[in-house]
Student: 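Structure incoming, see below.
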Amino acid sequence: MFAAFKAKLNLQRFFIGDGKQQAPYLLTQRRVYILPTKQGLAFALLLFVMLLGSINYSNSLGYFLTFLLASLSVVTIFHTYNNLLKLSIGPAICKPVFADQNTNFIVQVNNLNHHARFSIKAFTPQHQSTIADLNENNLSTLSIKHTFEKRGLIPLPRFYIESRFPFGLFRAWAIAEFDQTQLVYPKPSVHTTLPLKSAGLSEGKKQQELGADDFKGLRSYAEGDPLQHIHWKSFARHHTLQTKEFSSTSSDELWLNWLETTTSGTEQKLSQLTRWVLLADEANLSYGLCLPDLVIQPNTGKHHLENCLKQLAIYGVN
Amino acid sequence: MTLLNKLQNHNVQPAALILLVGLLLVLLPHFSHLPIWLSFVTTALILWRACYELQLCKIPNKLVLFLLTIMLLTGIVFSYHTLIGRNAGSAMLLGLLCLKLFEIKSFRDVSIIINLSLFSIVINFLFNQSIPVAFTMLLALIFLFTALISFQHDYKALTKTTPIPLNLIRVNEKQHFRLAFKMLSQAVPFAIVLFILFPRVNGPLWGLPEDAFSAKTGLSDKMSPGRISQLSNNTAVAFRVKFNSAIPLPGKLYWRGPVMWDFDGYNWTAPSNERLALSNFEFTGLGQKTDYTVTLQPHNNFWIFALDLPSTLPERTRLSANMQLLSLSPIQKLKRYNLSSYTRYILPTYTHISNDRYLKLPSSTSTLSKSRLLMNDLTDSKNPKNTIRNVLKYFSTQDFYYSRQPPLLYNDPIDEFLFETKRGYCEHYASSFTILMRIAGIPARIVTGYQGGEINPLDNYMTVRQSDAHAWSEVYLEDRGWVRVDPTAAIPPGNIENTDDALRLNSNLKKPSHLFKSSWLSKQMKQMRFAWDAVNNRWNQWILGYDNKRQKSLFAAIGIPEITWQGLSQLLFSILGVLTVLLAFIVFSNQSKQKNIIQKTYFKFLKKMKKRGLSKSLSEGADDFCCRAIIQLPEQQLAIKHITLLYQQLRYKQYDEERLTLFKKNIKEF
């Protein structure tokens, strides 16, 4: 029993919360903290001065006003606290993101109370907070800004939920950390174009020039398109670059090969490959991925893209 | 675009407008003591900001703001000759507060404005603690806190928005008002408990600024013609009296104030060293002693107004040589005194003091020639009493008028009054009578104070107002000592120009009938004035005058005669603890409003059924009760079935407004 009590008194909880938790996570009395804000401290100072003044001048209404405001700040503790209490948060809805980009992760919140909650802020320590109101008896989401620095299957960061409503005199907050992971793709490198020719796979087959067979149609120019495929006639007419697209049956398979990357270092190579995958997908090509320990057969489509990106994300991560 | 359209426009943020209204309410009572120019400037600044909010004009830039600040401070220095002290300090605070309105960028700025506004409210209470001001300030509080909520909720209202808003619920400002009101009403019980139980300290903690209690209306220690008549229209309360014994006759209600005997031809004064000479009680009281409690409004002087003549000395007071009761410190807040007086008395005669000072006439020989001639005729050198009688008779027969607007007097006020204008206020009569007495060789002096008072039938308190201020004479008779003579009372009732004065001055005389024909309306007005006065008195007695004595007497009344400081704190904290638990219960209870309404409405139905002899037991469900009711009241079975069905649908199936109104209507008609 003593141990349980000691666990309750653990001061660390105040700063890091309960650690990783299963979602949904209900904000109980133990999980919501409250302290005055700077404004609250200034208000307390004001009250003190007012009390001294009232005593000095024996001013009855001054006394009453001071007491009323002091009582009001007690009342606001309860209201601010209640703004977070019994809020059920989680799980997070984790869509894969790219590393080193300003992204949001979405956390589901369920307001079980019969009253709306106002000005609920959510944030991770290094980012600006977002603020939302939650209707009564309503399931909604909070979007939390965060930048994932590393690729891979990253545990969701610890985040804070905070409210200063209604008067801004007190700040109630809760710390949440979910037992969830976020898939983070490598950061796509900026300056790179698709390899035109692919040093083949095991057979060493040289890939033919990209889709030189039959004219299929026009599409808007994308970075990396070969110059000779640009449809100059339409450029003269519309001033937008269009690329002639050709369909080919066998020769349009593009291999994105680890060995063909122009950079050194695993992360840089992965970055480049990520960009290639994205470019190839944009160009609607059929592409395959060739990593030192893995080969993905050429294909197209969203699933293929996600699969490739995922493999790049978790490459070398155990 | 009309104003209304703009208000409905989403670009207009109501938060700032609510703040401005709140600030204007805070400023309103301040206007009575601020210089006129500052009242205009502060109002203009608020309106400017409001116009900006309504997108009618621009906001001043930093340079303009800086110049405005300099001009404001210069203006205050010119008006007050200082920047510190209560008056100048509050003027500066209010001016700067209004300038700060143009710098609302972050929530911190809003918070600063609100805090300063709250502080201005307290300063306001130093000037005025009346009921209307208190309620205006309460209203201002609601506005200020609503503004705080609005700013806290709606981040778009601030230009420096840090957080990124997502799906904000668009809230009607009414809801913010409701929340502010709800929170304030939840705070009120705490505040009341604190107000009653918080240990009160006597006296100031440190010295007060010199101008802390200036500019109070009322009597002064100088009397010149016109001084008291200034007060004749001032209905402000001077003090209130609660009689613990029989109320003396109206003709005996002379409340003694400053006594004066030095006359320079214009002003009556009492040399200050003489005023402080002390006396002991050496007079013989006749008849019944009168016991009473005086609640004195602050007037920043030492005087305590007691009935002629006080026979007891309350704590921290003393009696001057002219039998005036004096406090040891200036009366700067509401004070209560328990006093007793004899309205009939004989003062001792004395031999060892020379009466020269009471016989002194203005040194200028050119004046008073006609008066001297007159007194040649009226003086009875053997019996001073006859001389007095003759002079009073002269006043009553020679067509003297009692007037609130007497003609101005110039070089020789006494002669001009007695023989030319013949119209005057009590100070004219008292001063000329005193001079005439001195010419006749009878020592005489002037007593100022109040005369009369009005009993409020609602709470039996007597109210004495500034308009009751009065001056009369005292003459020294060798066999009786100082005797009061009120020359004003000699004026025939018909010669009193104002009916109120006639009623007041002649309340002990037979009243002329025409003065009493008051209309129904005036009676009602009087009744209302009594009621308002009684409320004000309660306010004064229990709220403004709540001090540690009142606190002690309150506990004595509920059976705790000697409450200590520790006892008070223990009691305070235990009650506050209970209230906190209650508050937590109220705030954290997650009752649905809708469920509540449904339940309440259904209870109304059950009540109606009870009247018909059917009551639902606790264990009984709505359905079972319905079955039982139908058997008992078959003629109403349709209505009962319908109500029960609606109740169940509302409560357990789905809530909708239409069904609820139908439910309510059915039960109402049932």
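Note that the structure is a prediction, hence the values are computed from the model and not measured. Within every chain, numbering begins at 1; the chains are lettered A, B, ... in the order of the sequence lines, protein sequences first and strands thereafter.
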Student: Can you tell which part of B/Ile192 gets under 4.5 Å to a heavy atom of chain A, answering side chain, backbone, both or neither?
Tutor: both
Student: Atom CZ in A/Phe148, atom CD in A/Gln101: separation rounded to 0.5 Å?
Tutor: 12.0 Å
Student: Does anything in residues 38-49 of chain A get under 4.5 Å of chain B by heavy atoms, and if so which residues?
Tutor: A/Gln39, A/Ala42, A/Phe43, A/Leu46, A/Val49
Student: A/Leu85 versus chain B, heavy atoms under 4.5 Å apart: side chain, backbone, both or neither?
Tutor: side chain
Student: Who passes side-chain contact (heavy atoms from CB on, under 4.5 Å) against B/Leu568, sequence neighbours left out?
Tutor: B/Leu197, B/Pro199, B/Gln551, B/Phe555, B/Ile563
Student: Checking heavy atoms, do the side chain of A/Thr76, its backbone, both or neither come under 4.5 Å from chain B?
Tutor: both
Student: Please classify the contact of B/Ile149 with chain A as side chain, backbone, both or neither, using a heavy-atom distance under 4.5 Å.
Tutor: both
Student: Could you walk me through whether B/Thr295 and B/Gln541 satisfy the side chain to side chain donor-acceptor pair (under 3.5 Å) test, starting with their C-alpha distance in whole Å, then the side-chain angles of each, then the deciding distance to 0.1 Å, before giving a yes or no?
Tutor: CA-CA 8 Å; B/Thr295 311; B/Gln541 299 289 338; 2.8 Å; yes
Student: So for B/Trp539, is it side chain, backbone, both, or neither that comes closer than 4.5 Å to the heavy atoms of chain A?
Tutor: side chain
Student: Is atom CD of A/Gln126 surrounded by more than 12 heavy atoms (other residues, nucleotides or ligands) closer than 6.0 Å?
Tutor: yes
Student: Check the surroundings of atom CZ in B/Arg550: do more than 12 heavy atoms from other residues, nucleotides or ligands lie under 6.0 Å from it?
Tutor: yes
Student: Decide yes or no for B/Asn87 and B/Phe127: does some side-chain heavy atom of the first lie under 4.5 Å from some side-chain heavy atom of the second?
Tutor: yes
Student: Take A/Ser54 and A/Asn59 through the test side chain to side chain donor-acceptor pair (under 3.5 Å) and record every step on the way to the result.
Tutor: CA-CA 5 Å; A/Ser54 303; A/Asn59 191 299; 5.8 Å; no
Student: Counting heavy atoms not belonging to A/Lys86, are there more than 12 under 6.0 Å from its NZ?
Tutor: no
Student: Please tell me whether B/Phe198 and A/Phe67 form a close aromatic pair, meaning their ring centres lie under 6.0 Å apart.
Tutor: yes
Student: Using non-hydrogen atoms only, which part of A/Leu65 is less than 4.5 Å away from chain B: side chain, backbone, both, or neither?
Tutor: side chain
Student: Looking only at heavy atoms and a cut-off of under 4.5 Å, which of B/Ala134, B/Ala584, B/Pro189 has the most pairs with chain A?
Tutor: B/Ala584
Student: Sort out for me which of B/Ile112, B/Asp547, B/Leu118 touches chain A most, counting heavy-atom pairs under 4.5 Å.
Tutor: B/Leu118
Student: Do you know which of A/Val74, A/Leu69, A/Thr66, A/Thr37 has the most heavy-atom pairs with chain B at a distance under 4.5 angstrom?
Tutor: A/Leu69
Student: Using the rule ring pair (Phe, Tyr, Trp, His ring centres under 6.0 Å), only one of A/Phe178, A/Trp173, A/Tyr25 pairs with A/Phe159; which is it?
Tutor: A/Phe178
